[in-house]
Amino acid sequence: MHQRPIGVFDSGLGGLTAVRELMQILPGENIVYFGDTARVPYGSKSKDNIIRYSRQIIHFPQTKGVKAIVIACNTASALALDAVKDEFDIPIIGVVEPGARAALAVTDTKKIGVIGTEGTIRSAMYEKIIQERDPKAVVIGKACPLFVPLVEEGFSKHKVTREIIDYYLASLLETDIDSL
């Protein structure tokens, strides 16, 4: 079991940040990555499509003998994790719950902002998980649909991206969130 790799998938290349963290935390592990760049971004797609894509993608790392799969896509974690985790005979882990735990760990005011795709924000999964752990927490979600295409197209450091960040986050800056 130890020699088998860990599978990681995302709707594109953003999941490579999860791979980088895994490599730091588990330096001896091999990783099989699948970035679904053909169908990126997932944020505007239906829940049924996200579940279907996730099922299809999970089959690829399984052919590589993975011992576990990390769904590094927030949208797929929010919309498909519950549907697929019991269908396969390996552990499947999403990123929403760890992200929610991390936000709760650093907030002092219990006012947390969440940015994501339309699908992630519409699912309210971060809010649900955060409030299950702390019913007094307030979660303010903001869909940022242009973030994924900008990153996927290599514009993460472009000045237009900074303008879009400022535009999307202006309303969050007017709240008293202390974690995002």
Side-chain angles (χ1 to χ4, degrees), residues 4-23 25-26 29-104 112-133 139-156 168 180:
R4 294 168 53 197
I6 297 170
V8 178
F9 84 83
D10 187 24
S11 61
L13 301 176
L16 291 173
T17 58
V19 169
R20 184 179 58 230
E21 292 300 314
L22 280 171
M23 291 171 67
I25 296 167
L26 305 167
E29 294 289 341
N30 291 317
I31 297 172
V32 174
Y33 184 78
F34 186 99
D36 188 7
T37 57
R39 299 181 284 205
V40 70
Y42 280 13
S44 60
K45 309 250 187 322
S46 72
K47 180 176 181 173
D48 288 342
N49 278 338
I50 301 302
I51 292 169
R52 184 169 49 88
Y53 298 163
S54 297
R55 285 180 177 131
Q56 291 169 350
I57 291 167
I58 289 168
H59 287 291
F60 170 73
Q62 278 192 308
T63 66
K64 304 299 180 190
V66 297
K67 60 186 164 195
I69 293 177
V70 176
I71 301 176
C73 173
N74 276 291
T75 304
S77 290
L79 298 177
L81 178 63
D82 286 341
V84 300
K85 68 181 177 185
D86 295 329
E87 292 179 19
F88 298 89
D89 60 351
I90 57 173
I92 301 176
I93 304 153
V95 293
V96 173
E97 189 164 334
R101 280 195 318 260
L104 280 168
I112 299 167
V114 175
I115 58 173
T117 66
E118 294 170 28
T120 300
I121 298 303
R122 195 174 40 249
S123 78
M125 192 59 74
Y126 273 96
E127 183 174 1
K128 177 183 173 220
I129 292 170
I130 288 169
Q131 290 186 331
E132 281 174 0
R133 293 181 175 280
V139 179
I140 301 166
K142 176 68 176 171
C144 302
L146 291 177
F147 283 5
V148 172
L150 286 166
V151 170
E152 295 293 329
E153 293 297 325
F155 284 91
S156 62
Y168 280 144
L180 179 64

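The figures that follow rest on heavy atoms only: side chains count, while hydrogens, waters and symmetry mates do not.
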Separation between CD1 (Ile71) and CD1 (Ile92), nearest 0.5 Å, reads 6.0 Å
To the nearest 0.5 Å, tell me how far Leu81 CG sits from Ile69 CD1.
11.0 Å
Return yes when atom CZ of Phe155 has more than 12 non-hydrogen atoms of other residues, nucleotides or ligands closer than 6.0 Å, and no otherwise.
no
Would you call the rings of Phe60 and Phe34 parallel, tilted or perpendicular, taking 30° and 60° as the class edges?
tilted
Heavy-atom donor-acceptor pair, Lys45 side chain to Arg39 backbone, under 3.5 Å:
yes
Write down the atom of Arg4, the atom of Val66, and the distance for their closest heavy-atom approach.
NH2-O, 2.7 Å
Kindly compute the distance separating OG1 (Thr120) from CG (Asn74), expressed to the nearest 0.5 Å.
5.0 Å
Mind checking whether Phe88 and His59 have parallel, tilted or perpendicular rings, split at 30° and 60°?
perpendicular
Which heavy atom in Pro145 sits nearest to a heavy atom in Glu118, and how many Å separate them?
CB-OE2, 3.4 Å
Is the shortest heavy-atom distance from the side chain of Glu97 to the side chain of Glu132 under 4.5 Å?
no
Taking all non-hydrogen atoms of both residues into account, name the closest pair between Cys73 and Asp10 and its distance.
CB-OD1, 2.9 Å
Ser11: side chain to side chain donor-acceptor pair (under 3.5 Å) partners, not counting sequence neighbours:
none
Heavy-atom closest contact (Tyr33 atom, Gly12 atom, distance):
OH-O, 2.6 Å
Tell me which one of Lys47, Arg122, Met125 satisfies side-chain contact (heavy atoms from CB on, under 4.5 Å) with Leu79.
Lys47
